[in-house]
Amino acid sequence: MAATTIRLSSYLCYLLWIVQVLSVNRDNFKTCDQSGFCKRHRNVQPGNSPYVVLADSLKITDSQISVHLLNSKTNVRLGLDLYGLQGNTARVKINELEPLKPRYEIPVGDVLIGEPKQQNLKVLDRGSGSVTLGLEKSKIVLSYSPFRVDFISGEEPLVSINSQGLLKFEHFRKKPEAQPEEQAPAEPTEEEKKEEEGEKKEEDVKEPEQEEESGLWEETYKSFHDPKLNGPSSVGIDVSFPGFENVYGIPEHAESMALKTTKDTDPYRLFNLDVFEYELYNPMALYGSVPVMWAHNEKSTVGIYWNNAAETWIDISSTTADKNFFSKIADLVKGNTEMAQMDTHWFSESGIIDIFVMLGPRPKDVFKQYAALTGSTELPPLFAISYHQCRWNYNDQDDVRNVDANMDVYDIPFDVIWLDIEHTDGKRYFTWDAHKFPASKDMLNGLSVKGRKMVTIVDPHLKRDDNYKVYSDAKNRDMMVKGSNGVEYEGWCWPGSSSWPDFLNPEVRRWWASKFQYNEYDGSTPDLYIWNDMNEPSVFNGPEITFHKDVQHYGGFENRDVHNLYGFYVQKATAEGILMRSNNEQRPFVLTRAFFAGSQRFGAVWTGDNMGEWSHLKVSNPMLLTLNLAGITFSGADVGGFFRNPDSELQTRWYQAAAFQPFFRAHAHIDTKRREPFLLPEENMKIVRDAIRLRYSYLPFWYTLFYHGYRSGETVMSPLWVEYPEDKSTFKMDDQYLLGSSLLVKPITEQGSTGTTVYFPGNSDVWYDTETYQSYAGSQSTYVNAPLGKIPVFQRGGAIVPRKMRVRRSSSLMATDPFTLVICLNKQGEALGDLYVDDYKSYAYRNGNYIHRAFSFKNNILQSSNADPNGRGSSKEWVEKLVIVGFPKAASSVHITVAGNSQSLHHSYDSATRILTVRKPEVNIATDFTITIQ
Ligand code: NOJ
């Protein structure tokens with residue numbers, strides 16, 4: 001009877017939650033005004049920093065400077081460490097000298113891939129008020145009073161820290177005893193007297209000024225009380241970018257790529273949250289956080305990485321953008337030529353100040369510098385960059401079988417079908433609903449024969465059911481996060497009452513990883529991969545739909561200190577599990593919703609619960625560009641939009657756009673109408689099929705792009721300024737983008753549109769429509785027709801793009817198919833390109849089992865040579881065709897020469913399109929060859 005009552009009340013709670021959730025809005029999430037530390041930092045006034053460098057304490061070693069900073073108002077001392085790092089990078093670390101307890105620092109090896117390699121700093125000048133250091137191409141000036149650090153290249157300041165004087169470091173302190181108002185303070189005990197004397201000796205004798213601030217020791221938001229057992233602990237400082245008018249990065253926000261000033265809004269917030277029906281173009285937090293920001297102008301690209309996992313807010317102001325019309329006119333009249341400058345102000349609720357300053361000077365340099373710190377995107381297996389078919393939910397095995405079969409009937413390729421939470425036994429992850437999925441292995445094997453895979457969802461919340469062995473195992477091992485009362489934390493999520501393993505604990509991560517072994521995850525096979533959702537974590541009845549801030553984690557830290565890392569560790573542990581189950585031989589694939597800096601090493605990210613609306617299709621481009629800029633290059637948005645029922649035009653345009661975005665997955669909410677591509681009206685179905693098939697034809701190009709990203713940390717989907725850094729007109733452009741330096745994409749994102757204006761970059765460049773091969777001159781905008789069947793994609797003259805034109809049911813069925821090289825010539829009749837090939841799935845490439853070819857076309861000769869002597873792999877793939885675009889005339893003969901032997905080749909010329917087609921060179925891709933045209 002009692003059990004029934006509990007079950008009934010749980011069910012009612014659940015229903016209540018659903019009603020609440022379906023009606024949540026921005027009121028569920030804090031504004032800056034509702035956050036004590038946000039208000040305190042926003043109130044710091046520029047211009048009178050109390051912090052001074054105590055020059056006497058200065059210690060200089062080869063690559064590091066250590067010095068004390070004194071807060072002249074409170075007399076509290078901080079330690080400042082400044083490091084020179086390899087690759088034109090510096091690090092500024094500020095921590096309490098003697099904190100009452102250790103402040104949280106992210107373990108090295110987790111986000112930072114290792115201890116950053118140091119680089120000698122040369123003392124260039126040492127005066128009474130400052131010290132100047134030389135670091136590679138840059139100078140660093142540490143000024144003492146007030147404290148500030150400037151990073152200078154030549155004579156140009158590029159980055160300044162604390163130049164506005166906004167440094168505020170809330171040191172740990174003892175909670176003041178509550179004094180009964182009219183009573184005299186109690187006489188201190190002998191012990192307390194000694195302690196106090198000790199403290200006084202350590203600090204200067206000067207009477208410290210009290211910080212008059214409220215809300216330091218507790219805070220209440222809605223009905224949620226935050227006891228703040230450690231008191232205030234926030235840290236903040238300003239970072240300015242003199243000479244810059246644009247800053248980028250700090251995902252995740254549903255925002256334009258060029259960040260806006262926050263003068264009239266809240267600061268941008270980084271706090272991983274499950275935001276229902278998120279709004280566009282505002283600074284509210286979303287599912288993931290990457291505290292990295294770039295500033296770019298014609299001459300330089302620089303940036304900072306703020307290495308802090310706590311809730312963080314960032315204010316942005318601009319000397320130019322924040323001026324109103326009248327002050328701009330006044331400036332003009334007075335001849336004021338104030339230099340453009342972006343000022344940013346960063347503050348986190350706890351942790352330390354740990355800023356990496358990356359000094360470029362070019363876009364690709366900063367990406368490399370950042371990748372040296374947090375790693376680059378792992379090379380994904382080929383299936384993962386192919387097309388994914390998902391929905392909440394595919395109901396049962398028959399449903400899966402039917403979708404799989406229908407895709408074949410309609411000749412639509414796909415690589416992966418996904419199962420959402422309903423596939424489990426009552427939202428117990430690692431299990432299957434026995435009625436709906438009685439023979440999961442048979443189902444999986446049915447997919448495997450066509451080279452297809454499956455992804456199942458595994459969320460981090462565990463149903464509190466002692467008969468559920470994953471939960472009871474974690475509970476018995478005492479692996480769950482606890483409340484500040486020391487009791488296992490309990491909250492609501494999909495399974496009802498749930499608890500969460502403490503993924504901050506390396507032992508818990510090892511335990512979790514072991515759950516993916518085939519003998520632990522019943523019914524799984526090597527073709528089953530994983531999706532981590534709700535890992536912000538999402539707690540339906542928690543403050544802001546997440547953990548309470550005082551939830552206790554490994555090492556004695558609170559969720560307050562580590563919040564933005566929880567999802568990162570869930571994905572890391574999952575990827576390690578998938579890796580382990582194959583004895584570290586096969587590359588894992590894990591999709592995550594929550595993420596942090598460094599998540600790129602563990603799989604893909606998607607932009608969460610978007611809507612089937614045109615505005616959400618449009619915002620997917622800037623959101624993915626920003627993720628790319630922040631290192632998360634393997635990212636995508638739900639095709640079609642998660643909520644609502646998009647009409648067939650919107651679906652069609654969405655597929656067309658996503659076919660040219662890095663992670664390509666259709667997904668839909670459980671309440672939406674079924675919308676697999678074969679259900680579309682015939683005209684749309686055919687167009688969508690073409691878009692998906694186009695994606696497959698470009699897979700060799702995508703794979704090579706991801707290989708470059710893996711090696712260099714470069715973006716896969718890039719803003720135009722990455723390749724054309726001096727072209728000012730591209731600095732805010734986020735509705736068109738580049739894939740590598742070869743393809744320019746301008747997706748149609750407006751309803752009813754039959755064309756669009758495309759900006760073609762590059763003074764001396766020429767661009768070719770990839771379908772018609774019509775050419776467009778660079779450095780100008782042209783209106784391009786794009787009726788429903790058309791995706792505006794252009795190949796740069798001068799680029800060679802490898803493709804596979806025999807599209808099959810899945811990418812692995814195409815693994816040995818031949819290549820077509822599309823060679824678009826520049827004005828000099830030349831082109832360059834490359835191709836990366838391996839087994840598309842394992843780590844064998846790490847032992848040299850890969851092929852990296854360099855192609856060059858010059859003086860009418862195409863040459864294929866080895867781009868990398870370390871690549872010693874072999875392959876069955878061969879070259880079947882050359883399409884040479886922009887070729888001036890028909891050829892009289894074409895010859896291929898391999899190892900001294902020549903043979904003539906079939907060729908044809910189309911004078912209308914100026915395309916020379918060369919057929920069947922039939923040369924293995926690993927072979928050196930030349931093809932000569934006469
Ligand atoms: C929320 C995710 O964002 C969505 O993609 C998923 O379908 C639902 N959770 C159910 O698992």
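Just follow the structure's listing: the first ligand is 1, and inside any ligand the first atom is 1. Heavy-atom basis, side chains included; hydrogens, waters and symmetry copies ignored.
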> Restricting to pairs with a member in residues 568-580, which pass salt bridge (charged side-chain N to carboxylate O under 4.0 Å, His left out), not counting sequence neighbours?
Replying inline: Lys572-Glu576
>> For residues 383-398, which residue pairs pass the salt bridge (charged side-chain N to carboxylate O under 4.0 Å, His left out) check, not counting sequence neighbours?
In response: Asp398-Arg401
> Which atom names give the shortest non-hydrogen contact between Leu625 and Met717, and what distance separates them?
Replying inline: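 For Leu625 and Met717, the tightest heavy-atom pair comes out as CD2-O, 3.7 Å.
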> What residues form a side chain to side chain contact (heavy atoms under 4.5 Å, CB included) with Ala604, not counting sequence neighbours?
Replying inline: Phe589, Leu591, Phe634, Phe663
> Relative to each other, are the rings of His553 and Tyr566 parallel, tilted or perpendicular (30° and 60° limits)?
Replying inline: tilted
> Does the ring of Tyr521 carry Lys469 above it, NZ/CZ under 6.0 angstrom from centre and within 45° of its axis?
Replying inline: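 No, Lys469 and Tyr521 do not form such a contact.
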Identify all pairs of nitrogen or oxygen atoms, one from ligand 1 and one from the protein, separated by less than 3.5 Å, and list them with distances.
unit_1: ligand 1; atom_1: 3 (O); unit_2: Arg593; atom_2: NH1; d: 2.9
unit_1: ligand 1; atom_1: 3 (O); unit_2: Asp609; atom_2: OD1; d: 2.4
unit_1: ligand 1; atom_1: 3 (O); unit_2: Asp609; atom_2: OD2; d: 3.4
unit_1: ligand 1; atom_1: 5 (O); unit_2: His667; atom_2: NE2; d: 2.9
unit_1: ligand 1; atom_1: 7 (O); unit_2: Asp420; atom_2: OD2; d: 2.5
unit_1: ligand 1; atom_1: 7 (O); unit_2: His667; atom_2: NE2; d: 2.9
unit_1: ligand 1; atom_1: 9 (N); unit_2: Asp533; atom_2: OD2; d: 2.7
unit_1: ligand 1; atom_1: 11 (O); unit_2: Asp420; atom_2: OD1; d: 2.5
unit_1: ligand 1; atom_1: 11 (O); unit_2: Asp533; atom_2: OD2; d: 3.4

